[in-house]
Amino acid sequence: MSEFKGTIGTWFYRPDLAEVVCVGNGIIADVISNGSEDENGRLITAAPVLLEACLRSRNQLYAAGYESKEVSLNPTEELLFQLESAIKKALGK
């Protein structure tokens, strides 16, 4: 994840404290209690792994010769566009 600027390390959710924590780096986020805090906390902890999966998938699609297009009849190119959008959002671009 060479472009990721967030806290590097393994993230996990502590439901007893509603905190997202990074091993060796402390608290990443406090999750507000709203009835879905456990689900939200688990999703937040998955963010670095999801970004890595998106980056690897995108790179493999580019290596296979696909292009990122917003509108396409090709489902693979539409997937690539969705991956690009998610990566840009995750990286703040």
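Put simply, the side chain of E78 never gets that close to the backbone of T76: no donor and acceptor are under 3.5 Å apart. No donor-acceptor pair under 3.5 Å is formed between the side chain of S57 and the backbone N or O of C54. Although no hydrogens or angles enter the test, the distance criterion places no donor-acceptor pair under 3.5 Å between the side chain of D38 and the main chain of P15.
Taking the side chain as every heavy atom from C-beta outward, I87 and L55 approach each other to under 4.5 Å. Counting heavy atoms from C-beta on, the side chains of V31 and E19 never come closer than 4.5 Å. You'll find the side chain of Y13 reaches within 4.5 Å of the side chain of E37, heavy atoms only. Using a 4.5 Å cut-off on side-chain heavy atoms (C-beta onward), L80 and Y62 make contact. Using a 4.5 Å cut-off on side-chain heavy atoms (C-beta onward), N40 and N34 make contact.
Hydrophobic clustering of Ile, Leu, Val, Met, Phe, Trp and Tyr side chains at less than 4.5 Å, counting indirect connections, keeps L83 apart from F81. Taken together through direct or relayed side-chain contacts under 4.5 Å among Ile, Leu, Val, Met, Phe, Trp and Tyr, L17 and V20 form parts of separate hydrophobic clusters.
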Exercise for the section: Kindly determine whether V21 and I28 satisfy side-chain contact (heavy atoms from CB on, under 4.5 Å), including the steps that lead there. Expected result: CA-CA 5 Å; V21 179; I28 300 290; 5.9 Å; no
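A 6.0 Å sphere centred on CZ of R42 holds more than 12 heavy atoms belonging to other residues, nucleotides or ligands.
Side-chain contacts under 4.5 Å among hydrophobic residues (ILVMFWY), followed directly or transitively, place L50 together with L43.
Heavy atoms only, all atoms of each residue included: E67 and E77 are closest at O-CG, 3.4 Å. Scanning all heavy atoms of the two residues, the minimum distance from L51 to A90 falls at CD1-CB, 3.9 Å.
Separation of atoms OG1 (T7) and CD1 (I27) is listed at 11.5 Å; rounding is to 0.5 Å. Of the inter-residue distances, the one linking F12 atom CZ with I44 atom CD1 reads 14.0 Å to the nearest 0.5 angstrom.
In this structure N59 satisfies the side chain to side chain contact (heavy atoms under 4.5 Å, CB included) test with no other residue, sequence neighbours excluded.
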